[in-house]
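All values below come from the heavy atoms of this structure, side chains included, with hydrogens, waters and symmetry mates left out. Computed from a predicted model, the values in this text were never measured in an experiment. Order of the sequence lines fixes the chain letters, A, B, ..., with proteins taken first and strands second; residue numbering starts at 1 for each chain.
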2 protein chains.
Amino acid sequence: MQTVGFGQHDHAACVGGGMKAAEDACEAQGLRLTKGRRRVLEILLQEHRAMGAYDILGMLSDEGFAAQPPVVYRALDFLVANGFAHKIQKLNAYIACAHPGDSHTPVFLICRECETVAETAAPLQSTLGEVAEKIGFKIENTIVEAEGMCPTCRDTETAV
Amino acid sequence: MQTVGFGQHDHAACVGGGMKAAEDACEAQGLRLTKGRRRVLEILLQEHRAMGAYDILGMLSDEGFAAQPPVVYRALDFLVANGFAHKIQKLNAYIACAHPGDSHTPVFLICRECETVAETAAPLQSTLGEVAEKIGFKIENTIVEAEGMCPTCRDTETAV
DNA sequence: GGATGACTTGATATAGTATAACATTTGCAC
DNA sequence: GTGCAAATGTTATACTATATCAAGTCATCC
Ligand SMILES: [Zn+2]
Ligand SMILES: [Zn+2]
Ligand SMILES: [Zn+2]
Ligand SMILES: [Zn+2]
């Protein structure tokens with residue numbers, strides 16, 4: 001157990017579970033979880049934080065992986081398109097999905113101090129869809145990113 | 001009247017109203033709506049669409065305005081910080097606020113086909129805040145961006 | 001009026017993020 | 001094994017944003 005996100009969790013299980021979920025989903029849908037895609041997902045799960053594409057690129061490069069930007073961006077496109085990872089628009093960064101397998105609209109809580117990101121679920125989707133439908137807009141995908149202060153940084157701040 | 005966003009509206013009034021709201025707010029809060037800031041806001045209001053920083057830069061340049069990237073980014077930072085414009089993270093673009101004066105959490109409906117953006121209001125903020133508070137996270141600012149199909153593009157698509 | 005300090009602008013350079021384009025290879029269906 | 005679609009390799013380039021430091025503007029205080 002170690003501290004990741006805003007709390008403790010069994011990180012080994014969280015990495016294993018994420019890989020397993022991706023493998024199963026690919027199997028089921030006839031998708032190919034190729035070497036590069038797999039390695040990028042492993043890195044995202046292992047690090048368990050929002051990472052820039054070039055951060056990932058650096059890690060691949062250190063491992064002797066062929067490492068040009070398109071390699072990483074293609075892998076990320078695949079992972080994001082299939083719900084194994086999400087893009088945090090606010091940070092231009094990518095993070096492994098915390099609820100793989102479930103169909104969901106993720107909500108990200110982003111600490112403005114330390115940039116830690118926690119993924120939670122949207123308690124709103126239906127309402128918003130109705131509002132949009134009234135003006136003829138069909139929502140296909142919703143991004144919710146909330147910026148603020150995480151528990152750790154709040155503690156540190158008040159302590160000062 | 002002309003078609004902007006997803007519907008008809010009196011665009012002259014909408015430009016005038018936006019400038020007036022900004023002027024009043026600056027007056028009230030002791031902010032300086034300087035020449036460059038004012039011109040960028042005018043452009044955003046006039047165009048009434050999400051624009052990249054370099055699109056704006058190009059227009060300023062055409063007018064003979066001193067035109068280096070920092071000029072535009074500084075103006076945009078000011079406008080966004082004070083609620084006169086918003087950044088659309090999904091598009092790396094900026095748009096004039098459609099509800100200047102009101103304190104609000106904007107919700108953007110972004111057409112994936114034509115990239116038209118409509119600003120509406122969030123019917124959720126309180127709920128989300130409660131969820132976050134339970135895990136100790138203090139939300140300060142929420143970004144909601146919904147991607148989908150606007151009425152116009154839906155019509156076109158079905159017509160084909 | 002001149003000194004002070006906060007804020008704003010000018011100008012150059014550079015950092016950071018992402019995609020275009022095209023050749024080549026791989027996996028799979030027939 | 002032929003043919004096709006998907007994926008990868010590789011090079012180059014486009015797009016977005018910030019760092020830095022010098023110079024100018026504006027209000028305030030003495
Ligand atoms: Zn973990
Ligand atoms: Zn997720
Ligand atoms: Zn607004
Ligand atoms: Zn559209």
Without decimals, in angstroms, what is the distance between [X] [atom1] and [N] [atom2]?
X        : N       : atom1 : atom2 : value
Tyr73(B) : dT9(C)  : OH    : P     : 17 Å
Ile56(A) : dA18(C) : CD1   : P     : 10 Å
Phe65(B) : dA11(C) : CZ    : P     : 12 Å
Leu57(B) : dG10(C) : CG    : P     : 13 Å
Lys35(B) : dC26(D) : NZ    : P     : 12 Å
Leu76(B) : dA17(D) : CG    : C1'   : 11 Å
Leu33(B) : dC7(C)  : CG    : P     : 17 Å
Ile88(B) : dC15(D) : CD1   : P     : 20 Å

Of the options [options], whose atoms approach the side-chain atoms of [X] most closely?
X        : options                   : result
Thr34(A) : dA18(C), dA19(D), dT8(D)  : dT8(D)
Arg32(B) : dA20(C), dA11(C), dC7(C)  : dC7(C)
Ala53(A) : dA20(C), dT18(D), dA18(C) : dA18(C)

On DNA chain C, nearest-nucleotide positions of Asp77(A) versus Phe78(B): which is more 5'?
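Nearer the 5' end of the strand: Phe78(B).
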Roughly how far, to the nearest 0.5 Å, is the CG atom of Leu109(B) from the CD atom of Glu147(B)?
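Reported to 0.5 Å precision, the distance equals 11.5 Å.
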Look up atom NE2 in His11(B) and atom CD in Glu47(B), then write down how far apart they are to the nearest 0.5 Å.
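Taking NE2 in His11(B) and CD in Glu47(B), the distance rounds to 8.0 Å.
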Measure from the ring center of His99(A) to the ring center of His86(A) and say whether it is less than 6.0 Å.
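No, the ring of His99(A) stays outside the 6.0 Å limit from the ring of His86(A), centre to centre.
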Relative to the 5' end of DNA chain D, which residue comes earlier, Asn92(A) or Arg74(A), by the nucleotide with the nearest heavy atom?
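Closest to the 5' end, via its nearest nucleotide, is Arg74(A).
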Between His9(A) and His48(A), how do the two ring planes meet: parallel, tilted or perpendicular, split at 30° and 60°?
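Correct class here is perpendicular.
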Between Cys150(B) and Glu113(B), is a side chain to side chain contact (heavy atoms under 4.5 Å, CB included) present by the stated rule, with each step listed?
CA-CA 8 Å; Cys150(B) 75; Glu113(B) 191 69 19; over 6 Å; no
For a quick check, tell me whether the side chain of Tyr54(A) and the base of dA18(C) share a donor-acceptor pair closer than 3.5 Å.
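Yes.
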Looking across every strand, which nucleic acid part, if any, lies under 4.0 Å from Lys87(B) by heavy atom: base, sugar-phosphate, or nothing?
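The answer is sugar-phosphate, as Lys87(B) gets under 4.0 Å only of primed atoms, P, OP1 or OP2.
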Select base, sugar-phosphate, or nothing to describe what Tyr94(B) touches, counting heavy atoms under 4.0 Å on all strands.
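Sugar-phosphate, backbone atoms only, no base.
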